[in-house]
Amino acid sequence: MVRYGSAVLAALLALLVRLALSPLLPADGAPYITFVLATALSAGYGGLGPGLVTTFCGTLLVEYVVRPYDGLVPFVDSGNVVRFVLICVVISYVCRVLIRTGERAKAAELSEREGRLFSQQTLAAIGDGVISTDSAANVRFLNPLAQRLTGFSVPEARGKPLQQVFITEANQVIARDGSRVPVEYHQEPIKDSAGRTVGAVLVIHDITKRLADEERVREANRVYRTVGEFMPFGVWICDPAGRNTYASDSFLQLVGITQEQCSEFGWSDVLHPDEREAAVTAWKECVRTGGNWDREHRFLGVDGQYHPVLARGMPVRDNDGTLLCWAGINLDIRRIKDTEAALLRQTSDLARSNRELEQFAYVASHDLQEPLRMVNAYTQLLLRDSGDKLSGQSHEYAVFIRQGVDKMVRLIEDLLAFSRVVHGDAERVPVESGAALDQALSSCAQILLDSGADVKSEQLPRVIAQEGPLVLVFQNLITNAVKYRRPDVAPRIQITSRREPGDAVFLVQDNGIGFDPAYAQTIFGLFKRLHGKEYPGTGLGLAICQRIVERYGGQMWADSKPGAGSTFSFRLPLA
Ligand code: ADP
């Protein structure tokens, strides 16, 4: 738009100049002169179009303004008009061609400059060093990285033979200051459009980081392989399809197969035949679902023995969750298995010997009762019939015999009670523990009365047990509370309970002599006693109580302090 406006303006200016020159020129002299100039300027500035516009405007202005102004008639001299138009068209065309050529040259120069800038920046930004040479292998250009690697700037290197600038030894480039950098490099010829080699370009790749990374990976590999080899029977890796790609030498040596055999599912060939099918099916399923692998199985060793192994593994995934591989361990669990088997053997031996012991205790106590009863009866008869005839010492002996027999009777009765608890049926039924306590108290009524005991109890809950054994527990604890009372202090016994989730906890508390809490566990053992002969007993009462409570899924324990009374507690399931 501006170009065409300028074209019109040029024609008007030409008119003004022509009119101003009019007095100096002859009447019909050169009416177009200023317009030719204007057309040349207009076409030179704007090209063909504006040139033609100025020509057109000029023709009209000359014919309708200049000629009448000079006193001439318009369009009389048509030859002049045609010449003017032709000259102006030629000028405009020539200007157009010149402008186009100039524009093209400018564009070509710009694009070349841009291209040069672009390749310079690309070469500068590229992560590799680049050196270009001419056909005689003399350096022409180095990018910044190549300058750093060689220690040469472009002006220093330009024109020098390549081997003086780029010096290498054992895959390392040696810079001017002697520093070395590990590199990889390759050279490509540069060809012109006719295919002639006009130079070469050398691309140098700094591999320092890659070598460090490779070393780190090698180190990590060494570490985990060492761990794998150290741990019987090492580590294993499988590809995402479940095929073994690595197994520690310790495993391969154990089973006597090679890594290649192992990769072909060979590990299943050395599985115990009883476990092979299940293990392979489980492994395929594990690979399908991407879950963890956790299995025990036996591998046939080259020693001809089966080795129990705990195999554990898990899928290894990248940040996007894509499965990379499976990694796991084969742990030799022979010792654990042997210990487990030995423990099982011992437990069953122990259980058997316990059963035999209990059987023996039952039989012995039962069979001992008869001769003991006889000794008791005849001692009593002896004392009754001949007591006054016996000498003082013989009478004393007979009394000792009776006391011994009494003690033995109690011991045997307790042993029998213990055996009954151990052998008896442990049917679990709801029991009113309050009623069981009442029964126990009434069977202890005499000793409670004799000792002046003060017994307090509260309402007790229904529990799961059996009434008879529960009465026995209360009975034992109450008689102990009376037996182990402090001299000259009337026994005070309190029986309470509290509820805990699903259970009732009973507490039998006394104000007796107490005991050292270090023995709080010991006193539940068979024949375990803390006090001397002044307190008669067999050391079986608490053992019986604990066995009874445990038969119904409960527990029993004790708290005490010497001289400060004791609390015996037991827990039973609530009904
Ligand atoms: P024993 O027939 O000796 O009483 P137990 O098994 O009933 O046997 O008790 C084991 C030991 O625990 C007792 O010998 C005594 O030393 C201690 N003991 C039991 N109950 C009490 C108590 N209420 N106060 C202090 N000591 C006790």
Side-chain angles (χ1 to χ4, degrees), residues 357-358 361 365 368 372 403-422 436-437 440-441 443-457 468-497 505-551 554-571:
L357 212 65
E358 282 159 4
S365 48
L368 273 175
L372 212 57
Q403 283 173 354
V405 168
D406 277 350
K407 199 171 171 188
M408 196 120 167
V409 167
R410 274 202 308 277
L411 187 65
I412 287 172
E413 276 170 356
D414 280 357
L415 264 176
L416 271 175
F418 181 79
S419 291
R420 263 182 234 117
V421 167
V422 173
L437 176 64
L441 287 173
S443 68
C444 301
Q446 194 57 50
I447 58 162
L448 290 171
L449 197 69
D450 293 347
S451 62
D454 171 23
V455 182
K456 280 203 173 65
S457 67
L470 188 55
V471 172
L472 202 60
V473 171
F474 280 126
Q475 222 170 305
N476 266 320
L477 296 180
I478 291 165
T479 48
N480 275 355
V482 173
K483 183 162 52 169
Y484 298 105
R485 66 180 179 270
R486 274 181 285 165
D488 307 325
V489 180
R492 232 177 327 105
I493 308 166
Q494 205 171 356
I495 300 118
T496 53
S497 75
V505 174
F506 296 88
L507 297 99
V508 180
Q509 213 172 344
D510 65 46
N511 62 341
I513 54 173
F515 58 87
D516 184 343
Y519 300 107
Q521 297 274 348
T522 320
I523 52 172
F524 293 99
L526 284 171
F527 305 111
K528 294 290 180 211
R529 309 202 66 233
L530 302 180
H531 299 98
K533 279 186 184 155
E534 66 276 23
Y535 297 100
T538 59
L540 283 169
L542 288 179
I544 292 172
C545 292
Q546 194 182 48
R547 298 303 189 284
I548 290 174
V549 169
E550 283 174 356
R551 279 174 79 90
Q555 291 158 316
M556 187 169 221
W557 65 98
D559 301 293
S560 186
K561 252 191 206 160
S566 314
T567 303
F568 285 84
S569 314
F570 59 96
R571 175 195 302 277

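Computed from a predicted structure; not experimentally measured. Order of listing sets the numbers, starting from 1, for every ligand and every atom in it.
- Within the 4.5 Å cutoff, the side chain of F527 has heavy atoms near those of the L411 side chain.
- Taking each heavy atom of F515 and L530 in turn, the nearest pair found is CB-CD1, 3.6 Å.
- Each of the following atoms of ligand 1 lies closer than 4.0 Å to a heavy atom of L540: 6 (O), 8 (O).
- Salt bridge annotation for D488-R486: absent, with no cationic side-chain nitrogen under 4.0 angstrom from a carboxylate oxygen.
- By heavy-atom distance, the residue among R485, H531, R410, K483 lying nearest atom 26 (N) of ligand 1 is H531.
- In this structure, atom 2 (O) of ligand 1 lies nearest to the protein heavy atom T538 N, 3.0 Å.
- At a 3.5 angstrom cut-off on N or O pairs, F515 does not count as close to ligand 1.
- Closest heavy-atom approach to atom 12 (O) of ligand 1 within the set D414, I513, I523: this belongs to I523.
- Annotation: atom 10 (C) of ligand 1 to nearest protein heavy atom, K528 O, 3.3 Å.
- In this structure, R529 places its CZ atom where more than 12 heavy-atom neighbours from other residues, nucleotides or ligands lie under 6.0 Å away.
- Within ligand 1, the atoms closer than 4.0 Å to a non-hydrogen atom of L530 are 14 (O), 16 (O), numbered from 1 in the order shown.
- Considering backbone and side-chain atoms together, L542 places an N or O closer than 3.5 Å to an N or O of ligand 1.
- Formation of a donor-acceptor pair under 3.5 Å by the D510 side chain with backbone atoms of S566 is found in this model.
- Interface of G537 with ligand 1, defined as ligand atoms under 4.0 Å from a residue heavy atom, comprises 2 (O).
- Looking only at side-chain heavy atoms (C-beta outward), F570 and L477 come within less than 4.5 Å of each other.
- Closest to atom 20 (N) of ligand 1, if we only count protein heavy atoms, is N480 ND2, 3.3 Å.
- Between the side chain of K561 and the backbone N or O of G514 there is no donor-acceptor pair closer than 3.5 Å.
- Taking only nitrogen or oxygen atoms, main chain and side chain alike, P536 does not reach within less than 3.5 Å of ligand 1.
- Within 6.0 Å of atom OH in Y519, 12 or fewer heavy atoms from other residues, nucleotides or ligands are found, so the atom counts as exposed in its surroundings.
- Side-chain N or O atoms of S560 include none that pairs as donor or acceptor with a backbone N or O of P517 at under 3.5 Å.
- Proximity annotation for atom 14 (O) of ligand 1: of Y535, Y484, F568, Y484 comes nearest, heavy atoms only.
- Between R529 and ligand 1, a contact under 3.5 Å exists for at least one N or O pair.
- Contact annotation: G512 has no heavy atom less than 4.0 Å from any atom of ligand 1.
- At a 4.0 Å cut-off, not a single heavy atom of N476 sits close enough to ligand 1 to count as contact.
- In this pair, F474 and F506 present their aromatic rings perpendicular. The plane angle is above 60°, beyond the 30 to 60° band.
- Checking side-chain atoms of R485 against main-chain N and O of V482 turns up a donor-acceptor pair under 3.5 Å.
- Atom 8 (O) of ligand 1 has G539 CA, 3.2 Å as its closest protein atom, hydrogens excluded (heavy atom only).
- The protein heavy-atom contact nearest to atom 23 (N) of ligand 1 is D510 OD2, 2.9 Å.
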